[in-house]
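Throughout, a chain's letter reflects where its sequence line sits, starting with A, and its residues are numbered from 1.
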Protein chains: 2
Amino acid sequence: MKSVIPVTVVDIKVACSQCNLRELCLPFGLDPNEIDQLDELVGSRRKIKRQQHLYRSGESFEAIYAIRAGSFKTDVILEDGRDQVTGFQMTGEVLGLDGISTEHHSCNAIALEDSEVCVIPFNRLEELSRTVESLQHQFHKIMSREIVRDHGVMMLLGSMRAEERLAAFLLNMSQRFTARGFSPSEFHLRMTRDEIGSYLGLKLETVSRAFSRFQEEGLVAVQQKHIRILDTPGLKRLLNHHAA
Amino acid sequence: MKSVIPVTVVDIKVACSQCNLRELCLPFGLDPNEIDQLDELVGSRRKIKRQQHLYRSGESFEAIYAIRAGSFKTDVILEDGRDQVTGFQMTGEVLGLDGISTEHHSCNAIALEDSEVCVIPFNRLEELSRTVESLQHQFHKIMSREIVRDHGVMMLLGSMRAEERLAAFLLNMSQRFTARGFSPSEFHLRMTRDEIGSYLGLKLETVSRAFSRFQEEGLVAVQQKHIRILDTPGLKRLLNHHAA
DNA sequence: GGGCCCCTTTGATCCACGTCAATACTGTTT
DNA sequence: AAACAGTATTGACGTGGATCAAAGGGGCCC
């Protein structure tokens, strides 16, 4: 199953201090001098083309990756071929934390569009975070945030019905686009219905039908991957007003 | 919803070096001198009676907890009352990592039986792990392990059918009991069918029926909470031989 | 040691979502 | 501009697990 992964390594110096994502990413909370130290550690960037793997399950773990541009999905595949999308990641978010535990990656990370990541060698990150307290703390927060996010997904998969799951997904996407300075109400999804379905524990047809339903009810305007949210409170109501 | 939480603080000194759980817990990989430093940091133990909360969602985050005796569940509760069990924790496992992200706990931790935890003040843990490299690394591994575990649960909730979920659950329990020196094939579950169901995204009736089915097929012997696994390969086969 | 409450099991019925299938749309390639 | 492949929508039907209901155990408290 191994295949050659085409990789582009860009050897120009990266500057976290110049990065407009620093408020979302590892540099958050660091002072300018500390950010410079982090800069020295981020050795290279890597460009990943759409549909290509950033890393694969089983590969040895060397670095974590901060998304500089583009977006990714992570998935887990069972022996029998079933797969589950475990997350979608956007700029400023960190990939690869799953690998720390066993020194090998336990999922696949695949670019949803042409993307670029900052490569952060993990042993050097641990080293620096031993002297830079704010970096240590921010890194811990990022890991913890991932755990909290996962619990949210478990809630979604374990206790919500199809339309609630999709509403939660759309609201989450909206919020994350907003945090990146994009419109809260209008955006392009980079993943297919099938990928959304896998993430939400639904079949693609069910996702499609739920979209159509939302459209009929005037909650959103859907045109393929282009989404316009028309009634945010309506979507939120869908989530909480569940007759227990 | 706030209520007084009865707490017993035991002020005797705890010694990780004497603890038979150290191979599963934070001290793993530390040399004797380093373990002594960790010992100094673990200020107190806390006894938690069955059904009592170790912490609640919303409470401010101060410490993480290593389970010294007993077991716990963690759950998340939505406004409308729906709740989802996000995990069951056994001795040597660490609770509270969810709180790092926002400085407030994002789930509830409830004892499944009379239990005891070691209280590890988080700011002091960060401090010590700045000088003790092995502690830093072990802590990162523990957080990462939690992320990997969560991905496994997402797989389970998103892609498996009821009997597969229960088989995966039983095999996981068996493996964790084994790691603690107990029988791989015979154990007492400390949680109810309802709690198992919540964790697995199923109703308690479905869990009960799946147990009965396993019993009929000679895979396990079930007597209430007492489980005897009769055919481990059979359970594993259930997991992987899914006609995709 | 008796009584009560919670937990579990089992059966009957229902329904949300999956499955199967056909058609339509979009963007890309030549 | 035509042809194509991947993606999305929609309909008809089937089913796994939810729901509703009733009865049987076990453990715990007084």
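- A salt bridge does not link R190(B) with E195(B): none of the charged nitrogens is closer than 4.0 Å to a carboxylate oxygen.
- The pair D114(A)-R50(A) does not count as a salt bridge, with every side-chain nitrogen at least 4.0 angstrom from each carboxylate oxygen.
- Contact record, D231(B) with G218(B): CB-O, 4.0 Å, taken as the closest heavy-atom pair.
- Aromatic ring centres of H104(A) and F61(A): separated by at least 6.0 Å.
- Atom CG of D194(A) and atom P of dA5(D) are 19 Å apart (whole Å).
- Near DNA chain D, meaning a heavy atom under 4.0 Å from it, residues 210-221 of chain A has S212(A) in order of number.
- The environment of CZ in R228(A) is sparse: at most 12 heavy-atom neighbours from other residues, nucleotides or ligands sit within 6.0 Å.
- Of the charged side-chain nitrogens involved, at least one lies within less than 4.0 Å of a carboxylate oxygen, so that R213(A) and E217(A) count as a salt-bridged pair.
- Note on the helix from dG1(C)-dC30(D) to dT30(C)-dA1(D): terminal axis deviation equals 50°, with five pairs used at each end and the result rounded to 10°.
- At a threshold of 4.0 angstrom between heavy atoms, the contacts of S208(A) include nucleobase atoms, whether or not backbone atoms are also involved.
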| field | Base versus backbone protein contacts along nucleotides 11-27 of chain D [heavy-atom cut-off under 4.0 Å; B, S, -] | value | BB---SSSBB-------
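- Salt bridge absent: E116(B) and R68(B) never bring a charged side-chain N and a carboxylate O closer than 4.0 Å.
- The distance from the CZ atom of R161(B) to the CG atom of L238(B) is 10.5 Å, given to the nearest 0.5 Å.
- Atom CZ in R193(A) sits roughly 9 Å away from atom C1' in dT9(D) (whole-Å rounding).
- Between S159(A) and Q84(B), the side chains place a donor N or O and an acceptor N or O closer than 3.5 Å (distance only, hydrogens not considered).
- Atom P of nucleotide dC28(D) and atom NZ of K49(B) are separated by 12 Å, given to the nearest angstrom.
- To the nearest angstrom, P of dC6(C) lies 14 Å from CD of E195(B).
- No side-chain donor-acceptor contact under 3.5 Å links E93(B) and T91(B).
- The line from SG of C107(A) to CG of D98(A) is 3.5 Å long, rounded to the nearest 0.5 Å.
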